[in-house]
2 protein chains.
Amino acid sequence: MQTLQARGYRVTRPRRMVLQSLEEAARPVSPHEIQSALSSKGGYLDRVTIYRVLDLFCRLNLAHRLPSSGGFVKCSLGEKGGCHRFVVCRQCGAFQEFADEALCREESKLATGLDFHAERHFSETSGICSSCYELRQKALLSAEGQV
Amino acid sequence: MQTLQARGYRVTRPRRMVLQSLEEAARPVSPHEIQSALSSKGGYLDRVTIYRVLDLFCRLNLAHRLPSSGGFVKCSLGEKGGCHRFVVCRQCGAFQEFADEALCREESKLATGLDFHAERHFSETSGICSSCYELRQKALLSAEGQV
DNA sequence: AAGATAAATGCAACATTGTTGCATTTTGGG
DNA sequence: CCCAAAATGCAACAATGTTGCATTTATCTT
Ligand SMILES: [Mn+2]
Ligand SMILES: [Mn+2]
Ligand SMILES: [Zn+2]
Ligand SMILES: [Zn+2]
């Protein structure tokens, strides 16, 4: 929240509520899910307010919107250099944020080769997390046993 | 269209129409824009049909959906190896598709380091195309002249 | 060239996402 | 505590996306 203050934005009830929702979520959440989660705890926020708060958070890089699903997550990297990227499990929705400056440089170089001046990279790797992978292995083994 | 045939899908009027819309578009287009463009040429397609056609095209990699804008484009790379990526001009919407296997390997390696098994990369570089860049330079110079 | 049939479309109904304008409330500073 | 700017709530609207089901159509078989 100090980020808001520091940058001249007010600390308000809706902003606190949305931030907490993002912190409690184990996976990317949609605006509607945020609203539902809050209302099930007795709170109420207008849909428009939620969009505006998420907009602000994304502008300040306090949160990100994942490209493929459109869900939102709280940023876990702060000012770490390079664009902030994600790996997401397509099975369970688990995700991790990371950054890699070399990768950004490489992408920007490729853009230059196509006559574009790169400003920002959106990047998401979709796959399977280790726990879902292990579950799948067990399932396959037991299926074999039954044939 | 032969891709559809070859993979066991029918060649239909809606599929032809949507494909042509994508081919004629100079920038990523939304489902609604596709519907409008078609109806202004006297054609009609149900919204649902457009979504279903776009879904199919994306599954077959005949088209792609750009992560940040959600707009659709026709694939211009065919079977080229590595995931298909985009650079997009945030000013005019011009875009180019490209692929780079080394970049994919690098991303997959980073995912492995986070205990994920990578399957697919979504990637979009947002920036300024060369023609928009030049326009901007001219504008800046003339503004200087007036101060 | 029909006819059969599985596939695809259109239509209806619904849910979510997203945007704008304006009146009212709230925050943070004086 | 008061004030002005900032943010919220509300209303209305537009676009995105999903499902179920009746009807049409593309392709295969005869
Ligand atoms: Mn981040
Ligand atoms: Mn492609
Ligand atoms: Zn998982
Ligand atoms: Zn441009």
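Keep in mind that the numbers below use all heavy atoms, side chains included, and drop hydrogens, waters and symmetry copies. Labels below follow one simple rule: chain letters A, B, ... track the order of the sequence lines, proteins then strands, and each chain is numbered from 1.
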- [ ] Whole angstrom is fine here: how far is it from CZ in A:Arg47 over to P in C:dT16?
- [x] 10 Å
TODO: Could you tell me the separation between the CD1 atom of B:Ile34 and the CD atom of B:Gln20, rounded to the nearest 0.5 Å?
DONE: 12.0 Å
Task: Length of the CG-P vector between B:Leu56 and C:dA8, whole Å - done: 8 Å
Task: Quiz item: B:Arg15 side-chain donor-acceptor pair to C:dA8 base, under 3.5 Å - done: no
- [ ] Could you check B:His121, B:Arg120, B:Glu119, B:Glu107 and say which one makes a side-chain hydrogen bond (donor to acceptor under 3.5 Å, both in side chains) with A:Thr125?
- [x] B:His121
Open item on the list: The side chain of B:Thr12 is closest to which nucleotide in this list: C:dA8, D:dT16, D:dA4?
Closed with: C:dA8
Open item on the list: If you assign each of B:Val11 and B:Pro31 to its closest nucleotide in DNA chain D, which residue comes earlier from the 5' end?
Closed with: B:Pro31
Task: Spacing between B:Phe72 atom CZ and D:dT16 atom P, to the nearest angstrom - done: 9 Å
Open item on the list: Counting only side-chain nitrogens and oxygens, does A:Ser30 get under 4.0 Å of the OP1 or OP2 atom of C:dT16?
Closed with: no
- [ ] Determine whether any donor atom in the side chain of A:Arg52 lies under 3.5 Å from an acceptor atom in the base of C:dG18, or the reverse, and answer yes or no.
- [x] no
TODO: Report the nucleotide, chosen from C:dG10, C:dA6, D:dT8, that has the shortest atom-to-atom distance to any side-chain atom of A:Thr49.
DONE: D:dT8
Open item on the list: Exactly one of B:Phe86, B:Phe57, B:Phe72, B:Phe95 should register a ring-ring contact (aromatic ring centres under 6.0 Å, His included) with B:His64. Which one does?
Closed with: B:Phe86
- [ ] Mind calculating the distance between CG (B:Asp46) and P (C:dC14) to the nearest angstrom?
- [x] 16 Å
Task: Nucleotide D:dA7, atom P - distance to OH of A:Tyr9 in whole Å - done: 7 Å
Open item on the list: Tell me whether the side-chain N/O atoms of B:Tyr44 come closer than 4.0 Å to OP1 or OP2 in C:dC11.
Closed with: yes
- [ ] Starting from the 5' end of DNA chain D, give me the residue, B:Tyr51 or B:Arg16, whose nearest nucleotide shows up first.
- [x] B:Tyr51
Open item on the list: OP1 or OP2 of D:dG9 versus the side-chain N and O atoms of A:Arg13: is any pair under 4.0 Å?
Closed with: yes
Task: Atom-to-atom span, CD of B:Gln35 to C1' of D:dG17 - whole angstrom - done: 13 Å
Task: Salt-bridge criterion met for B:Glu124 and B:Arg65 (N-O under 4.0 Å) - done: no
Open item on the list: In this structure, how many angstroms lie between the P atom of D:dT16 and the CG atom of B:Leu45, rounded?
Closed with: 15 Å
TODO: Would you mind classifying the nucleic acid contact of A:Val48 as base, sugar-phosphate or nothing, using non-hydrogen atoms under 4.0 angstrom?
DONE: base
Open item on the list: Rounding to an integer number of Å, can you tell me how far B:Gln5 CD sits from C:dA8 P?
Closed with: 11 Å
- [ ] Determine the minimum heavy-atom distance between A:Phe116 and B:Cys89, stating which atoms define it.
- [x] CE2-N, 3.5 Å
